[in-house]
Amino acid sequence: MKKGKTRKPMGRTGGMLLSLLITAAIGFAYFYVSLPAINLQSGDFYRFLGLLCVVYTICVFLLSAPGGKTDTVVRTPREKIKEWFGYTKKSCLPVMILFVAVIAVALVGQIVSLPIFRAADYRQLLTVQTGNFAADIAEISFNEIPTLDKDSANYLGDRQMGTLSDMVSQFEYSNDSAQINYQGRPVRVAPVAYADLIKWFTNRGTGLPAYVMVDMVTQEATVTRLSEGIKYSFSEPLNRNIVRHLRFRYPTMIFATPEFEIDESGHPWWVAPRVVKRVGLFGGADIQGAVLVDAVTGESQYHEQVPNWVDTLYVPELIMQQYDYYGTLVHGFLNSILGQRDVTQTTRGYNYIAMNDDVYMYTGVTSANADQSNLGFLLTNQRTKETHFYTAPGATEYAAMASAQGVVQDLGYTATFPILLNIAGEPTYFIPLKDATNLVKTYAMVNVAQYQLVATGDSVPTCEQKYIQMLADKGVTQVEELPQTQARGKVAEIRTAVINGNSYYFIRLEDEGVFYSISAAQNREVVTLNEGDTVTIDHAVAAEGGGTSILDGYALSVERRAPAAGGSH
């Protein structure tokens with residue numbers, strides 16, 4: 001019998017090289033799909049390293065199996081297994097050490113980042129100032145009050161897309177809307193998306209042709225067509241996917257979910273907040289600047305201080321998490337679990353308020369027991385994280401929502417999460433009520449301190465006037481404290497315009513410099529007006545110092561003179 005040569009299935013060097021190639025291929029595929037940040041503060045990075053170590057070890061183990069057709073050395077199965085493991089151990093010792101080190105660092109990092117050891121550091125993540133509600137929160141005019149929630153805005157945006165025959169076959173509404181202030185108005189904007197993978201393949205050369213804007217006040221949805229399409233978005237499956245584009249450009253940065261925004265000229269951008277951990281290795285997530293990505297060209301730049309047109313840097317969930325640390329760790333970690341003295345926390349929901357050309361996040365603050373009453377509420381600037389707490393004992397948002405729904409229970413309307421307003425100096429929940437199709441049908445105002453005081457109306461001005469009168473009738477406010485919202489005089493000038501398919505009359509009274517805007521659909525008598533007629537107009541409150549030249553009128557009465565004897569009617 002001819003003796004063959006003794007060999008291992010593959011030489012040590014060849015096996016290691018092949019193992020490295022396989023590991024690199026699997027590692028690249030995993031990185032391309034999962035996009036972990038190459039950052040010691042990212043838990044995904046440790047999982048990525050652990051995966052590489054495991055894959056390499058398995059490859060070496062499989063490729064180093066002793067024996068083969070030409071191996072004539074007689075060995076027992078036990079000797080073969082021993083040789084197999086010995087070779088694998090020797091070849092993978094550095095990788096095994098790295099794997100153990102990765103696990104050790106991750107465990108130690110988690111432990112040193114726990115609130116039980118770093119309660120004071122967690123509480124310092126958010127600076128909270130005490131504010132005066134009536135002084136800080138100005139009474140805003142009706143053209144600044146959002147009357148939609150996110151679901152209703154997305155419904156209107158999707159419905160508007162359905163009216164565009166040239167787009168609906170190729171694109172769809174993305175439902176990825178963000179609330180911003182655009183040219184002084186609260187709106188939600190969202191890009192369109194490819195309808196499916198085939199539509200992406202046939203349209204990717206020109207990109208997404210438009211974005212959808214929903215006015216949160218007028219409830220008007222418009223599609224803004226772009227001269228050059230959006231090339232970078234979430235609907236891109238390959239390199240132009242916005243998250244993948246950011247990861248390849250900034251491999252070490254940890255990002256929050258990019259938000260779609262437009263600047264004051266209407267150009268589309270992606271705002272990617274940079275996440276940093278301020279407590280230990282993994283704790284105390286916070287935001288430090290953002291990368292702004294041109295949604296059309298993909299050009300990007302990191303900004304430590306973002307431009308003023310950026311509205312969303314700190315998302316509500318992060319702000320609420322930081323306040324919960326601030327409120328629950330007031331006297332240390334043990335008190336947050338056992339005694340709970342002075343412990344406070346945010347309520348379960350939030351909403352947005354547009355003020356001073358910025359977007360503020362609003363949420364209530366309640367006790368540790370999370371009962372049916374609030375201690376006050378927070379307002380946080382989503383660009384700067386400036387946070388104020390306002391003392392306003394009263395009902396929680398959900399109790400107010402239930403109270404509003406009770407008034408219209410026969411209609412089956414559903415209350416949206418409230419917006420907090422200053423009405424006649426009183427903290428007031430403003431609650432749009434919508435039907436089963438997500439369309440807003442009526443509005444309610446609920447007093448925070450006395451949530452049994454509920455006023456409803458088919459329009460915001462009507463609702464406010466009923467609410468103000470209710471406050472006066474119940475003795476909550478004095479008559480002299482109520483804003484002047486009625487004007488009487490002779491008509492000096494009448495102008496007309498068609499806005500969004502509706503006829504509006506703009507009336508100026510004698511000795512006044514403002515016009516009152518009145519819809520013919522709601523006040524048919526305005527069509528018969530003539531210059532010189534004496535009228536009484538109920539109108540919106542003028543913003544202080546705002547230089548308002550047009551006020552929204554919602555009720556009109558005309559003093560008609562009796563016709564002379566024998567005259568025609």
Side-chain angles (χ1 to χ4, degrees), residues 35-42 44-45 124-127 176-191 207-208 211 213 224 226 228 230-234 236 239-279 284-319 321-322 352 354-361 379-387:
L35 302 171
I38 311 302
N39 190 308
L40 292 176
Q41 291 189 325
S42 170
D44 292 337
F45 177 60
Q124 291 172 6
L125 289 171
L126 186 68
T127 300
D176 187 29
S177 66
Q179 183 162 328
I180 64 172
N181 269 10
Y182 175 63
Q183 297 181 351
R185 294 188 66 81
V187 301
R188 276 194 171 272
V189 290
L208 302 172
Y211 59 81
M213 180 187 300
T224 301
L226 300 167
E228 190 175 354
I230 295 172
K231 305 293 197 309
Y232 297 83
S233 68
F234 281 103
E236 287 280 347
N239 287 4
R240 295 196 318 205
N241 177 277
I242 183 60
V243 178
R244 188 166 290 115
H245 179 70
L246 282 163
R247 176 56 61 232
F248 289 164
R249 288 288 187 93
Y250 305 90
T252 63
M253 283 192 182
I254 306 173
F255 291 109
T257 303
E259 294 276 355
F260 182 80
E261 293 199 29
I262 58 176
D263 59 23
E264 292 302 304
S265 65
H267 188 79
W269 295 82
W270 289 100
V271 180
R274 179 191 176 190
V275 178
V276 294
K277 307 297 179 63
R278 302 199 183 278
V279 182
D286 201 7
I287 302 299
Q288 184 176 313
V291 172
L292 303 188
V293 183
D294 189 312
V296 175
T297 66
E299 296 179 1
S300 60
Q301 184 177 354
Y302 172 68
H303 295 263
E304 190 83 27
Q305 298 291 331
V306 297
N308 288 340
W309 61 262
V310 173
D311 289 310
T312 304
L313 194 60
Y314 296 87
V315 295
E317 292 82 2
L318 178 62
I319 296 168
Q321 181 189 65
Q322 291 190 354
Y352 304 94
M355 294 191 306
N356 308 321
D357 202 30
D358 277 321
V359 177
Y360 288 75
M361 188 279 299
L379 280 184
T380 301
N381 187 312
Q382 290 192 256
R383 178 171 54 84
T384 65
K385 206 177 77 168
E386 180 183 357
T387 301

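We number each residue from 1, following the sequence as shown.
Across Ile319 and Met361, no two heavy atoms sit closer than the pair CG2-CE, 3.4 Å. In terms of heavy atoms, Val243 sits closest to Asn241 at N-OD1, 3.0 Å. Nearest heavy-atom pair, Gly289 versus Leu313, reported as atom, atom and distance to 0.1 Å: O-CD1, 3.8 Å. The heavy-atom pair separating Val271 from Ala290 by the smallest distance is CG1-CB, 4.1 Å. Here the closest heavy-atom approach between residue Ile230 and residue Ser233 is recorded as CG2-CB, 4.4 Å.
Expressed to the nearest 0.5 Å, how far OG1 of Thr252 lies from CG of Asn39 amounts to 6.5 Å. Taken from CD1 in Ile262 to CH2 in Trp309, the straight-line distance is 9.5 Å, to the nearest 0.5 Å. Taking OH of Tyr250 as the start and CZ of Arg274 as the end, the distance is 11.0 Å to the nearest 0.5 Å. The distance from atom CG of Asn239 to atom CZ of Arg244, rounded to the nearest 0.5 Å, is 7.0 Å. For the atom pair CD1 (Ile254) and CD1 (Ile287), the distance works out to 10.0 Å, reported to the nearest 0.5 Å. Going from atom OH of Tyr182 over to atom CG of Asp263 covers 8.0 Å, rounded to the nearest 0.5 Å.
A side-chain donor-acceptor contact under 3.5 Å links Gln183 to the backbone of Glu264. For the pair Gln288 (side chain) and Val276 (backbone), a donor-acceptor distance under 3.5 Å is absent. Of the possible polar contacts, none joining the Arg278 side chain to the Gly284 backbone as a donor-acceptor pair under 3.5 Å is found. When atom types are taken as modelled, the side chain of Arg383 and the backbone of Tyr360 share no donor-acceptor pair closer than 3.5 angstrom.
Two residues are said to be in side-chain contact when any heavy atoms from C-beta on lie closer than 4.5 Å; Tyr302 and Met253 meet this criterion. Counting only heavy atoms from C-beta outward, the side chains of Pro258 and Val293 never approach each other to under 4.5 Å. Under the 4.5 Å side-chain criterion, counting only non-hydrogen atoms from C-beta, Asn181 is in contact with Pro186. Side-chain contact check for Leu292 versus Glu261: every heavy-atom pair is 4.5 Å or farther apart. Residues Thr257 and Phe234 form a side-chain contact, since some pair of their non-hydrogen atoms from C-beta on lies under 4.5 Å apart. The shortest side-chain heavy-atom distance between His245 and Glu236 does not fall under the 4.5 Å cut-off. At a threshold of 4.5 Å between non-hydrogen side-chain atoms, the residues Ile180 and Glu259 do not count as touching. Considering only heavy atoms from C-beta on, Tyr211 comes within 4.5 Å of Thr224 through its side chain.
Screening Asp311, Asp358, Thr387 against Asn381 for a side chain to side chain donor-acceptor pair (under 3.5 Å) leaves a single residue, Asp358.
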Inset, instruction - Assess whether side chain to side chain contact (heavy atoms under 4.5 Å, CB included) is satisfied between Asp286 and Tyr314, documenting all intermediate values. - result: CA-CA 8 Å; Asp286 201 7; Tyr314 296 87; 3.6 Å; yes
Legend entry - Full working for side chain to side chain contact (heavy atoms under 4.5 Å, CB included) between Glu299 and Gln301: CA-CA 7 Å; Glu299 296 179 1; Gln301 184 177 354; over 6 Å; no
Inset, instruction - Take Arg249 and Val291 through the test side chain to side chain contact (heavy atoms under 4.5 Å, CB included) and record every step on the way to the result. - result: CA-CA 10 Å; Arg249 288 288 187 93; Val291 172; over 6 Å; no
Inset, instruction - Please assess Trp270 against Phe260 for the test side chain to side chain contact (heavy atoms under 4.5 Å, CB included), listing each intermediate value before the final yes or no. - result: CA-CA 5 Å; Trp270 289 100; Phe260 182 80; 3.6 Å; yes
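Counting non-hydrogen atoms of other residues, nucleotides and ligands closer than 6.0 Å to CD of Gln305 gives a total of 12 or fewer.
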